[in-house]
J.: 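Quick one: structure below, then a few questions.
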Amino acid sequence: MRTGVVALTAQTGRRERPCSSPRCLSARFISVDTSPTPAPDTTPRAGRNADAKRRASTARSTDTGDARRATTSRPGDTGDAARPSDAAVRPTTSRPATARPTGRGRPAGGRRTATGRRRDGGGATTRADDTSAPASDPADGRTPASRRRRTVLLLLALTAVTSAAALVFGLLSWAPDPPEPTRPLTVAEGERLAAVRVTNLRDLRAGVRVTAGVDAARIELVGWVDWSRSLLYLDVGGPGAGAERGLVQKVGAVLVVRPDPAAVPTPAAPPLVPPADRWRLHRLAPGTNLAPVLDLLLGLAADRPDATRAVPDGGARWIARDTVAAGPVDVLQAPLPGTPAPRSAPGSTAGAASADPDGQTRYWLDQDARLHKLVTQLPGVGPVTVVLNRTDRPTLHPVDALGGRPGLPRALTDAERRRLDQLPARLRAKSGATLTLTAPVGTNTNLRAAGWLSWTTRTAYLAVADLGVPDRRTLLRRDTTGLARADLPAGTAGGGSAEQPERPPLPPPAGPWRVSRAGSDALSVLVDAAVAAGSVGPRGAAVRVREDVAGGQTVDVVEVGSAGARLRYWIDRDGSLRRLELHTDADAWAQLDLRPTVVPRLAPIPRPAATPRPHAAR
């Protein structure tokens, strides 16, 4: 009987109480279909509509009878109290939603998904654990879930407002911690300060950025410093750069510049391989800001520690802690190397005289005694800030005027010695060459020249320009009879610019030629050596300095001569002379580049007509 009730419930969608009366069973199982698969409905549409109406009316009459039975006790129905409730025996399988009368205690078409049922005080049956649709609050029409969400949102808003108020109050009432007071250096800090210049020399080189001066006199420098070779390679800019705007290289006391008046005011890192042209010796005018700054950069290296930095009364103090791109550093205050330390007044403490940092130099040092920043005051310049990049350490190449790349001098091999000994014969076989001269012979004398050289006739003829006098030319002719010079206007002597003069005119023009037997200046010595290279070999001890490139050819740079007259021969692997260099009195190098070619006939200079001698009176 229980199986029949479950089947009826699954088919009709209504919950029926079991009835043990035989009178009820026959009416309940009239339309029960217990087959596993329902048979297809073949009834016409009109018949189906009529059947649906009859089933609806039957369901309403049955529900009415159920309601009466639920509220009215019958004499023969005595086993209801002893039977288990519907919730205990009813299966938990879901059933299709079916329209239910609203008198059963739930809305029409409602779907129950839970299995528990309870009977309320009015007799209506409800589900004890039904959570598919939250009950509405009769007071405000909101469900319990919506009330919970509203409560959570209110709590979150209150928390946000409280946090914002606490943050604002904390910012308004926050005060930075007082800085640590300055103090004398500890032993370890003094040792680090004393080893700064030794560390710079050990690290060889570093990138550098400098700002010196203020307002219209301010200059800015960007580039590199090589302490191991006392070499600076910088790009100079800023409103106070003046004639030094452009590239600058300095080795020791020799300064060469490559001016660029059209450069932008803000400098940039110079090219690693410097340009080969337009370099000239330069003397800084008195009172310029550049000279003290360059001396300061080169003076940051030494081969031994500064012993005076580590003593307690050396005037050095610890100022603060700071952080740079490389990491944490200590800011120390101490005089520049070579300057006297400030002394305290009588009766004062050791640190009282240096409590005021104005005019003192500050060093930003890490734990390895590496300098990352320096701020100081230079007389006549003003405030100077130097920032070092310890990781930017490329190999620097000095320009040709400063001797070019450094090498490792060694003795000549047998092949190099043979090429040097056979040089005169090879030059005579090539007949001659065109020549180009670049000679920084003095701080105010930078020469450029172009012309020809014939080894067969032992003659050289060239036009020389001085960058300081761009509208004049000096014609120079060297032959077996001696050396002749003539000063002419640039247009008459071949033209061209002072930086790139043209070759001299042929035949030589008439003019005030000055003839001498020999010359002792750097230009005469270099031209004489070039002419003599085709007749006799280099004399003196020879060493190979380095390997280099000239005119697209690999050459061996061979240095010959003593310290007072050093000549360098650039000889390619075929035994041809590509360049001749001379070390000048200005501690720079002059270059004479040669390119083998057919040389025109170099006519002699015009000789003045001989004046007849007056005859003696008879």
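Please read all numbers here as calculations on a predicted model, not as lab measurements. Residue indices begin at 1 and follow the sequence shown.
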J.: Determine whether more than 12 heavy atoms belonging to other residues, nucleotides or ligands lie under 6.0 Å from atom CZ of Arg514.
T.: yes
J.: Tell me yes or no: between the side chains of Arg370 and Thr199, is some donor less than 3.5 Å from an acceptor?
T.: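 No.
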J.: What pair of heavy atoms forms the shortest contact from Leu526 to Ala590, and how long is it?
T.: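 For Leu526 and Ala590, the tightest heavy-atom pair comes out as CD2-CB, 4.1 Å.
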J.: Should Val441 and Asp521 count as side-chain neighbours, where that means a heavy-atom distance under 4.5 Å?
T.: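 In short, these two side chains do not touch, never coming nearer than 4.5 Å.
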J.: Keeping Arg410 on the side-chain end and Arg544 on the backbone end, is there a donor-acceptor pair under 3.5 Å?
T.: no
J.: Quick one: does Tyr233's side chain have a donor or acceptor within less than 3.5 Å of a partner on Lys250's backbone?
T.: no
J.: Does Arg258 come within less than 4.0 Å of Asp277, counting only side-chain N to carboxylate O?
T.: yes
J.: Under the salt bridge (charged side-chain N to carboxylate O under 4.0 Å, His left out) rule, what do Asp556 and Arg546 come out as? Steps first, then yes or no, please.
T.: CA-CA 6 Å; Asp556 294 313; Arg546 67 177 184 270; over 6 Å; no
J.: Determine whether Lys373 and Asp322 satisfy the following criterion, salt bridge (charged side-chain N to carboxylate O under 4.0 Å, His left out), listing intermediate values before the conclusion.
T.: CA-CA 11 Å; Lys373 183 179 178 182; Asp322 201 353; 5.9 Å; no
J.: So, Arg578 versus Thr554: side-chain donor-acceptor pair below 3.5 Å or not?
T.: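 Absent: no donor and acceptor within the cut-off.
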J.: Does a side-chain N-to-carboxylate-O contact under 4.0 Å join Glu499 and Arg278?
T.: no
J.: Tell me whether Arg192 is salt-bridged to Asp366, with the criterion being a basic N under 4.0 Å from an acidic carboxylate O.
T.: no
J.: Report yes if some heavy atom in the side chain of Arg478 is under 4.5 Å from a heavy atom in the side chain of Asp528; otherwise report no.
T.: yes
J.: Using a 3.5 Å distance criterion without hydrogens, assess whether the side chain of Arg448 forms a donor-acceptor pair with backbone atoms of Ser497.
T.: no
J.: Can you check side-chain contact (heavy atoms from CB on, under 4.5 Å) on His372 and Val387, steps first, answer last?
T.: CA-CA 6 Å; His372 295 273; Val387 179; over 6 Å; no
J.: Sub-3.5 Å donor-acceptor pair from the side chain of Glu189 to the main-chain atoms of Thr186, do we have one?
T.: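 At least one qualifying donor-acceptor pair exists.
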J.: Verify the neighbour count for atom CG of Leu408: are there more than 12 heavy atoms of other residues, nucleotides or ligands below 6.0 Å?
T.: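 Incorrect, the count does not exceed 12.
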J.: Taking the side chain as everything from C-beta on, heavy atoms only, tell me whether Leu234 gets closer than 4.5 Å to Val225.
T.: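 Leu234 does not reach Val225 side chain to side chain.
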J.: Answer yes or no: are there more than 12 heavy-atom neighbours, outside Arg202 itself, under 6.0 Å from its atom CZ?
T.: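 Yes, CZ of Arg202 has more than 12 neighbouring heavy atoms, counting only those of other groups under 6.0 Å.
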J.: Got Trp589 and Pro440 here, is their nearest side-chain heavy-atom distance under 4.5 Å?
T.: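 Side chain of Trp589 against side chain of Pro440, heavy atoms only: no contact under 4.5 Å found.
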J.: With a 4.5 Å heavy-atom cut-off, do Asp330 and Arg321 have their side chains touching?
T.: yes
J.: Just wondering, more than 12 heavy atoms not from Arg209 lying within 6.0 Å of its CZ?
T.: no
J.: How far apart are the C-alpha atoms of Leu374 and Leu300, what are their side-chain angles, what is the distance that settles it, and do they pass the side-chain contact (heavy atoms from CB on, under 4.5 Å) test?
T.: CA-CA 10 Å; Leu374 182 143; Leu300 292 177; 4.1 Å; yes
J.: Can you confirm whether more than 12 heavy atoms, excluding those of Glu547, are under 6.0 Å from its CD atom?
T.: yes
J.: Give the intermediate values and the outcome of salt bridge (charged side-chain N to carboxylate O under 4.0 Å, His left out) for residues Arg390 and Asp203.
T.: CA-CA 8 Å; Arg390 313 296 303 205; Asp203 289 349; 2.9 Å; yes
J.: Do Leu221 and Asp235 make a side-chain contact, defined as non-hydrogen atoms from C-beta onward lying under 4.5 Å apart?
T.: no
J.: Does Leu435 form a side-chain contact (heavy atoms from CB on, under 4.5 Å) with Asp593? I'd like the steps, not just the answer.
T.: CA-CA 6 Å; Leu435 60 84; Asp593 292 304; over 6 Å; no
J.: Taking C-beta and beyond as the side chain, do Leu255 and Gln249 meet within less than 4.5 Å on heavy atoms?
T.: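 Side chain of Leu255 against side chain of Gln249, heavy atoms only: no contact under 4.5 Å found.
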J.: Would Arg317 and Thr182 count as a side-chain hydrogen bond (donor to acceptor under 3.5 Å, both in side chains) if you check the C-alpha gap in whole Å, the side-chain angles of each, and the deciding distance to 0.1 Å?
T.: CA-CA 7 Å; Arg317 295 185 65 83; Thr182 63; 3.3 Å; yes
J.: Have Trp570 and Asp548 got a donor and an acceptor in their side chains that come within less than 3.5 Å?
T.: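 Side-chain D/A pair, Trp570 to Asp548: absent.
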J.: Report, as yes or no, whether the 6.0 Å neighbourhood of atom CZ on Arg595 holds more than 12 heavy atoms from other residues, nucleotides or ligands.
T.: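 No - once you tally the heavy atoms of other residues, nucleotides and ligands closer than 6.0 Å, there are 12 at most.
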J.: Without swapping roles, check the side chain of Arg197 against the backbone of Gly299 for a donor-acceptor pair under 3.5 Å.
T.: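 Confirmed, Arg197 side chain pairs with Gly299 backbone.
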J.: State whether Asp392 and Arg205 are salt-bridged, where the test is any N-O pair (Lys NZ or Arg NE/NH1/NH2 against Asp/Glu carboxylate O) under 4.0 Å.
T.: no
J.: Run the salt bridge (charged side-chain N to carboxylate O under 4.0 Å, His left out) check on Arg473 and Asp487 step by step: do they pass?
T.: CA-CA 6 Å; Arg473 297 289 184 272; Asp487 296 329; over 6 Å; no
J.: Please lay out, stage by stage, how Val256 and Arg280 fare under the test side-chain contact (heavy atoms from CB on, under 4.5 Å).
T.: CA-CA 5 Å; Val256 294; Arg280 63 182 70 179; over 6 Å; no
J.: I'd like to know if the side chain of Glu220 reaches the main chain of Val210, judged simply by a donor and an acceptor atom lying under 3.5 Å from each other, with no hydrogens or angles considered.
T.: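 Side chain of Glu220 to backbone of Val210: no pair is present.
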J.: Salt-bridge test for Asp260 and Arg245: reply yes if a basic N is under 4.0 Å from a carboxylate O, no otherwise.
T.: no
J.: Does Ala217 offer a backbone N or O that forms a donor-acceptor pair with the side chain of Asp215 under 3.5 Å?
T.: no
J.: Do side-chain atoms of Thr323 reach the backbone of Gly327 as a donor and acceptor pair under 3.5 angstrom?
T.: no
J.: Would you give the length of the straight line joining atom CG of Leu232 to atom CG of Asp295, rounded to the nearest 0.5 angstrom?
T.: 9.0 Å
